[in-house]
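The chain is numbered in sequence order, starting from 1. Note that these values count all heavy atoms, side chains included, but never hydrogens, waters or copies made by symmetry.
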Amino acid sequence: MGAVCVPWVLCVSPCHPWVPPPQALSPGQLYRLALELEVPESPPNRRLGMFLVAATCYTRGGRAVASATRTAMLRYRSGLLRALEAVALAGLFLAGAAEQKQTLEVELSPAYREDPYAPTLGALLEIRSRRLQLYGARLRIHAHFSGLR
């Protein structure tokens with residue numbers, strides 16, 4: 001089963017495309033790419049343990065110009081700590097003002113440089129686990145500005 005190259009795809013079984021504006025990344029600029037995941041603290045997610053997050057950046061014609069695979073997992077919290085939090089924040093949980101979730105930031109590339117001769121037209125982001133429960137995901141692209149402009 002092959003993956004389809006769609007501009008800036010987030011693949012979380014099923015895939016949901018996101019198309020960036022033209023010339024989203026400046027040529028020659030350094031970027032930090034990170035995927036932010038909102039994950040519920042559910043028993044299935046706690047049992048899952050580690051899972052893989054993969055990213056492949058594509059240029060014209062679907063040619064891969066960069067790829068990375070990283071591991072991620074929920075931070076451990078003891079049953080006693082979860083119970084104390086549930087009692088202390090019960091009112092907020094019932095009112096819907098708080099949720100039992102964790103936000104995980106998975107750094108995909110600490111120094112991605114946009115190639116002026118082969119600009120990135122899309123990316124395939126994959127969470128390689130069918131059992132992970134997920135509230136949401138955001139691709140964060142942080143520019144590393146240096147020198148005078």
Side-chain angles (χ1 to χ4, degrees), residues 1-79 81-82 85 89 92-93 95-149:
M1 183 168 117
V4 178
C5 179
V6 178
W8 297 102
V9 170
L10 173 63
C11 211
V12 189
S13 299
C15 292
H16 300 284
W18 173 71
V19 180
Q23 196 62 39
L25 304 177
S26 297
Q29 177 69 50
L30 272 178
Y31 295 95
R32 178 180 171 268
L33 304 177
L35 186 62
E36 187 178 279
L37 303 171
E38 288 183 13
V39 182
E41 288 189 21
S42 62
N45 279 349
R46 286 196 305 271
R47 283 192 303 270
L48 178 63
M50 298 185 92
F51 57 92
L52 289 175
V53 176
T56 305
C57 295
Y58 292 98
T59 187
R60 190 170 312 253
R63 186 174 59 91
V65 291
S67 64
T69 303
R70 302 285 185 265
T71 58
M73 67 182 286
L74 266 70
R75 289 177 293 282
Y76 174 75
R77 293 175 4 108
S78 68
L81 183 59
R82 289 193 314 269
E85 180 190 52
L89 300 176
L92 294 174
F93 291 148
E99 295 178 321
Q100 290 181 307
K101 67 178 180 179
Q102 290 186 21
T103 301
L104 308 176
E105 185 177 68
V106 182
E107 184 176 68
L108 298 169
S109 176
Y112 177 75
R113 185 179 304 274
E114 178 71 353
D115 184 356
Y117 300 108
T120 303
L121 296 180
L124 181 67
L125 302 171
E126 298 175 273
I127 297 174
R128 294 185 181 165
S129 172
R130 294 191 184 275
R131 293 177 288 161
L132 180 70
Q133 297 175 344
L134 188 67
Y135 283 148
R138 287 178 204 85
L139 177 63
R140 301 282 186 187
I141 302 174
H142 301 274
H144 290 281
F145 296 114
S146 62
L148 299 174
R149 294 210 177 232

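- Distance check, rounded to the nearest 0.5 Å: CG of Leu48 to OG of Ser129 gives 4.5 Å.
- The CG atom of Leu121 sits 5.0 Å away from atom OG1 of Thr59, with the distance rounded to the nearest 0.5 Å.
- Minimum heavy-atom separation, Glu85 to Phe93: O-CE1, 4.0 Å.
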From CA spacing to verdict: salt bridge (charged side-chain N to carboxylate O under 4.0 Å, His left out), Glu41, Arg46: CA-CA 7 Å; Glu41 288 189 21; Arg46 286 196 305 271; 5.3 Å; no
Yes or no on side chain to side chain contact (heavy atoms under 4.5 Å, CB included) for Glu99 and Tyr135, after CA distance, side-chain angles and deciding distance? CA-CA 11 Å; Glu99 295 178 321; Tyr135 283 148; 4.2 Å; yes
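- Summarising the geometry of Arg77 relative to Arg82, their closest heavy-atom pair is O-NH1, 2.6 Å, with the distance given to 0.1 Å.
- Side-chain atoms of Ser78 come within 3.5 Å of backbone N or O of Leu81 as a donor-acceptor pair.
- Between Glu105 and Arg140, no side-chain nitrogen of the basic residue sits less than 4.0 Å from a carboxylate oxygen of the acidic one, so the salt-bridge criterion is not met.
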Take Leu125 and Thr56 through the test side chain to side chain contact (heavy atoms under 4.5 Å, CB included) and record every step on the way to the result. CA-CA 7 Å; Leu125 302 171; Thr56 305; over 6 Å; no
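- Every side chain to side chain contact (heavy atoms under 4.5 Å, CB included) that Leu92 has, sequence neighbours left out, goes to Leu89, Ala97, Ala98.
- Considering every non-hydrogen atom in both Pro110 and His144, the closest pair reads O-NE2, 3.2 Å.
- Remark: Leu35 CG to Arg70 CZ distance equals 12.0 Å, nearest 0.5 Å.
- Thr120 and Glu114 are linked by a side-chain donor-acceptor pair at a separation below 3.5 angstrom, with hydrogens and angles left out of the test.
- Counting only heavy atoms from C-beta outward, the side chains of Pro27 and Tyr117 never approach each other to under 4.5 Å.
- Within the 3.5 Å criterion, the main-chain N or O of Tyr58 finds no donor-acceptor partner in the side chain of Arg63.
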Hey, mind stepping through Tyr112 and Leu25 against side chain to side chain contact (heavy atoms under 4.5 Å, CB included) and telling me if it holds? CA-CA 10 Å; Tyr112 177 75; Leu25 304 177; 4.1 Å; yes
Would Arg47 and Arg131 count as a side chain to side chain contact (heavy atoms under 4.5 Å, CB included) here? Give the steps. CA-CA 10 Å; Arg47 283 192 303 270; Arg131 293 177 288 161; over 6 Å; no
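- Between the side chains of Glu38 and Thr103, not a single donor N or O lies within less than 3.5 Å of an accepting N or O.
- Between the CG atom in Leu52 and the OG1 atom in Thr71 there is a gap of 7.0 Å [rounded to 0.5 Å].
- With rounding to the nearest 0.5 Å, the separation of CZ in Arg128 from CZ in Arg130 is 12.0 Å.
- In this structure, the separation between CG on Leu132 and CE on Met73 is 12.0 Å, given to the nearest 0.5 Å.
- With respect to Phe51, the side chain to side chain contact (heavy atoms under 4.5 Å, CB included) criterion is satisfied by exactly one of Leu104, Val106, Asn45: Leu104.
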